[in-house]
Number of protein chains: 4
Amino acid sequence: MEIQPFLPLAEKFRAVFLDSYGVLKNYKGLIDGVQDTIAKLREKGIAIRILTNDASRSQEQQIASFAKQGLHGFETYEVITSGMMAKHFLQHKITEGKIAYLGTENSAHYILQSGLEHIAVKDVDLNNVKDISAFVFLDDEGFDWNTEINKTVNLLRRKNIPIIVANSDKLYPVSKNDVAVATGGIARLVESMLNKKFIHFGKPDTQMFTYSYNRLKQRLGPFTKKEILMVGDNLNTDILGGNKFGIKTTLVLSGNTSEENAQQQINASGIIPDFICRSIID
Amino acid sequence: MEIQPFLPLAEKFRAVFLDSYGVLKNYKGLIDGVQDTIAKLREKGIAIRILTNDASRSQEQQIASFAKQGLHGFETYEVITSGMMAKHFLQHKITEGKIAYLGTENSAHYILQSGLEHIAVKDVDLNNVKDISAFVFLDDEGFDWNTEINKTVNLLRRKNIPIIVANSDKLYPVSKNDVAVATGGIARLVESMLNKKFIHFGKPDTQMFTYSYNRLKQRLGPFTKKEILMVGDNLNTDILGGNKFGIKTTLVLSGNTSEENAQQQINASGIIPDFICRSIID
Amino acid sequence: MEIQPFLPLAEKFRAVFLDSYGVLKNYKGLIDGVQDTIAKLREKGIAIRILTNDASRSQEQQIASFAKQGLHGFETYEVITSGMMAKHFLQHKITEGKIAYLGTENSAHYILQSGLEHIAVKDVDLNNVKDISAFVFLDDEGFDWNTEINKTVNLLRRKNIPIIVANSDKLYPVSKNDVAVATGGIARLVESMLNKKFIHFGKPDTQMFTYSYNRLKQRLGPFTKKEILMVGDNLNTDILGGNKFGIKTTLVLSGNTSEENAQQQINASGIIPDFICRSIID
Amino acid sequence: MEIQPFLPLAEKFRAVFLDSYGVLKNYKGLIDGVQDTIAKLREKGIAIRILTNDASRSQEQQIASFAKQGLHGFETYEVITSGMMAKHFLQHKITEGKIAYLGTENSAHYILQSGLEHIAVKDVDLNNVKDISAFVFLDDEGFDWNTEINKTVNLLRRKNIPIIVANSDKLYPVSKNDVAVATGGIARLVESMLNKKFIHFGKPDTQMFTYSYNRLKQRLGPFTKKEILMVGDNLNTDILGGNKFGIKTTLVLSGNTSEENAQQQINASGIIPDFICRSIID
């Protein structure tokens with residue numbers, strides 16, 4: 001397992017796609033020194049895109065959160081979230097009725113603004129579900145797990161509608177050692193109860209990559225996949241997704257995958273990054 | 001799909017194994033008329049055993065609950081629960097340390113009485129887990145889902161110990177239309193988070209069948225599997241388990257499987273009951 | 001379940017994406033009357049694209065096969081195969097070494113023409129695998145199942161390389177009642193042996209949809225997803241893929257899904273087509 | 001990870017259950033020195049049982065095979081195979097019709113001798129399947145994979161019958177580095193094609209443990225589970241099965257699990273042996 005420095009590698013590409021958690025920040029906040037790396041990439045004229053499995057915040061809220069932690073200068077078009085993919089899907093496919101959701105009011109506010117009414121699961125009347133036309137798993141917060149998970153199961157048993165998972169991550173880190181069940185974990189529980197497959201958005205699915213690539217070409221003209229480097233800390237989402245989309249991938253060891261077990265996880269999963277770096281600041 | 005009356009069928013056997021929910025009772029309580037059927041089986045000298053996936057109550061509490069609803073006369077040895085199987089396992093395999101659990105204090109009280117201390121997840125100190133020697137999923141009640149599921153995930157990430165699911169049912173009915181996520185559903189969520197396989201107890205696993213059959217022989221002398229009929233409402237637990245154990249099976253349509261979709265579910269699952277009855281009172 | 005005639009529905013769209021098997025042809029060959037439907041769609045100026053999970057033949061060979069059966073006039077750009085997606089992936093990601101494959105020489109010839117050498121599994125020397133840089137499941141024919149499946153497993157145990165499934169279909173129909181295990185079925189067997197996840201191409205993955213949509217815009221100018229209708233006979237590939245990509249979907253009952261069990265399969269899977277037609281000729 | 005010598009450990013028990021492959025023999029034949037260990041166990045009066053996932057040979061053929069390799073003195077009652085479990089199941093549950101099978105004539109001869117006719121898949125007439133009453137996966141040999149796997153799929157699509165997997169092992173070793181797809185692997189392929197769950201026999205299922213334990217008590221009088229040690233090289237079958245049955249388990253490093261990756265595999269799987277020995281001769 002050869003570990004190489006990040007910047008000399010990145011400079012061989014015209015664009016880098018960066019995962020957010022584990023690459024730019026960790027459970028303590030921004031990773032010290034990423035501002036420098038970002039600045040150097042910008043100096044070299046390398047296009048930067050952040051591809052994040054997150055459906056709890058809008059692009060603007062993401063940028064504001066980075067800025068608050070000291071990473072300034074991102075533009076809306078540089079941030080691509082799995083929530084945006086879910087939003088596009090809903091706009092194209094769901095044209096009538098109400099969209100029921102599990103998550104915070106904030107996440108519903110910006111993801112479900114498709115001209116349709118939305119309604120939190122807790123406000124749904126199970127005896128009158130005829131105008132519910134879709135269901136979205138948005139966030140692991142904003143509802144009482146003791147009651148709303150069961151209510152979701154029963155709503156989806158009564159009504160056969162498209163079910164969307166706006167962020168399919170199973171868990172997220174909350175401290176050095178600890179994690180929390182994420183939206184995708186709750187969605188999988190409900191899938192298992194109903195014995196159905198929902199429509200999942202987010203890496204490793206290639207939609208965010210395709211979207212980013214198409215927008216890149218619109219903005220910067222001709223661009224080939226060979227000119228793009230995906231950088232992520234997670235084999236199962238970042239690296240698998242980048243590999244499947246057909247671009248070069250770099251695993252960084254500053255997040256979910258540690259230096260001690262990277263090689264073993266690569267061997268076990270069969271998901272092979274093209275490169276490995278300690279982090280984007282090394 | 002031929003539906004036949006229950007009693008003439010049962011009379012061809014020396015013992016009947018009955019599932020509890022969907023056979024003896026439903027969401028409204030005891031099914032009207034089962035007292036008669038039970039009395040007739042007893043008159044004919046047919047041995048009765050109740051095999052139930054339940055880890056929330058002791059055999060005595062199960063019997064008391066039946067009696068309270070009007071079904072009297074069951075003896076301790078006639079009730080076999082998945083919780084008993086988990087209890088035997090813990091007694092044989094876990095001989096030191098503390099057993100952590102998710103469930104009610106009552107379920108912990110009677111299942112974990114193996115000479116070892118037990119401790120609810122909410123009382124575990126995650127920074128001091130060295131004397132925790134096993135973990136048991138006991139019940140879907142008795143804890144706050146908002147916090148204790150995540151705490152369970154993190155406990156089990158820190159400590160590599162045997163993890164037992166005392167009732168592997170994914171869900172249970174709470175009304176004509178509605179269900180609730182059961183212990184086994186929560187356990188599956190945590191399994192999916194950790195990417196591990198826990199030790200599951202309860203039908204369709206054959207342990208409860210083996211236990212019941214062995215005890216039957218101890219009490220009544222020589223007995224063959226051909227003389228036993230399993231009766232249940234659930235293809236995936238009762239019928240699959242009975243089939244796998246090698247006894248004849250009867251699907252009843254008074255619970256989880258309705259007359260309308262029984263044949264389709266049989267075809268789709270490949271789990272084939274030997275007989276079908278409307279209920280044990282028909 | 002409302003069944004509607006196809007042409008009046010299709011005329012509401014500017015493009016139709018058609019699955020091949022079950023829509024244009026079946027086990028007997030071309031479905032009588034599809035020439036008419038295709039001609040009428042062309043008259044109305046509706047763009048037609050065939051999206052097929054097939055990695056055994058080139059676009060030209062697909063077109064020749066349609067022509068031979070009496071369906072003339074298709075152009076190369078109108079046919080999109082999962083094999084093309086695999087080919088693009090290999091061109092972008094695999095830049096050195098030899099590509100080993102399971103399939104026919106013909107499939108290898110046109111899919112693996114990426115400047116790299118390719119080698120059939122039967123010709124691989126398991127004691128000298130160091131220059132094998134990728135593996136592709138191409139076809140269920142062209143090799144001896146008795147020996148080459150095991151050899152594939154052992155090759156992939158020795159060498160940790162990207163593994164591509166060029167057609168992820170599990171089975172294909174060979175007569176009214178019978179099916180055969182397809183490339184994707186064999187790939188799944190090997191995945192299960194190795195406990196790894198391969199890179200699968202073909203519907204329901206959205207890559208073929210994205211590719212077709214992008215090319216459509218290049219050729220015809222601005223186009224929205226709302227103007228495209230996906231037509232297929234298979235809920236799990238055609239309809240799931242179309243739904244996920246965010247376009248309207250029509251299930252036809254002329255192939256894999258019969259009128260008798262369509263509603264039940266929709267309910268069981270939770271994959272909901274926007275429309276249902278008996279076939280494209282009704 | 002503490003590794004301890006085998007004999008002093010084994011001497012604390014009244015019975016040892018031994019897996020065959022990886023414990024007594026490996027791809028080269030009998031492991032040098034196991035005769036000594038077996039002799040010493042017998043001297044100490046420790047009961048020995050071989051529990052093997054094998055449905056290709058009878059108990060007598062197993063013993064003859066051991067004797068041929070130099071391990072003499074085993075009695076029929078000391079050998080328990082997954083094929084025996086399948087045979088008992090068939091005797092109890094299938095009382096009419098013909099049993100179709102995939103495997104060698106030899107395996108069919110001794111496993112299917114239940115008074116019923118049996119028929120190899122290759123001899124089945126797919127247009128006349130009405131007297132086929134069950135199907136058994138017996139062996140990975142004795143049939144042409146190119147044709148009989150597809151024929152099996154089609155037979156089982158036409159006829160909804162109990163389907164038994166007499167050995168659920170996915171693969172077996174054929175040399176130091178190489179493996180072959182076993183019966184259970186083929187069965188899983190067909191399961192995946194049909195989307196059904198078959199009835200699997202063999203470890204980790206507890207049936208062989210229960211059978212061995214019951215027979216042990218019949219022969220030797222009172223016996224508790226605490227007095228039995230399971231010894232195996234495979235976490236997913238031997239150790240998981242022994243753990244689930246509630247007896248102490250020893251992982252040996254002379255077969256499927258190597259010293260280098262034992263601890264990692266234990267952590268990853270959550271399957272925890274009570275003890276670890278290098279082999280039964282160390």
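Lettering of chains follows the sequences in order, A, B, ..., and the numbering in each one begins at 1.
The interface of residues 221-240 of chain A with chain C, defined by heavy-atom distances below 4.5 Å, comprises A:Lys225, A:Lys226. Annotation: residues 160-170 of chain C contacts chain A through C:Asn160, C:Ile161, C:Pro162 [non-hydrogen atoms, separation under 4.5 Å]. Residues of residues 193-203 of chain C having a heavy atom under 4.5 Å from any heavy atom of chain A, listed by number: C:Asn195, C:Lys196, C:Lys197, C:Ile199, C:His200, C:Phe201.
Within the 4.5 Å cutoff, no side-chain heavy atoms of A:Lys93 are placed close to those of C:Ile272.
Around atom CD of A:Glu96, no more than 12 heavy atoms belonging to other residues, nucleotides or ligands sit under 6.0 Å away. For A:Glu117, the CD atom sits in a loose shell: 12 or fewer heavy atoms of surrounding residues, nucleotides or ligands are nearer than 6.0 Å.
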Review point. Are C:Lys244 and A:Asp205 close enough, and set up right, to give a side-chain contact (heavy atoms from CB on, under 4.5 Å), and what steps lead you there?
Key: CA-CA 11 Å; C:Lys244 189 161 186 175; A:Asp205 227 80; 2.8 Å; yes
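Between chain C and the options A:Thr206, A:Asp274, A:Asn267, heavy-atom pairs under 4.5 Å are most frequent for A:Asn267.
A:Arg158 pairs by the salt bridge (Lys or Arg N to Asp or Glu O under 4.0 Å) definition with B:Asp178, not counting sequence neighbours.
At a 4.5 Å heavy-atom cutoff, the contact between C:Thr210 and chain A is made by side-chain atoms alone. Proximity to chain C involves both the backbone and the side chain of A:Ile266, based on heavy atoms less than 4.5 angstrom apart.
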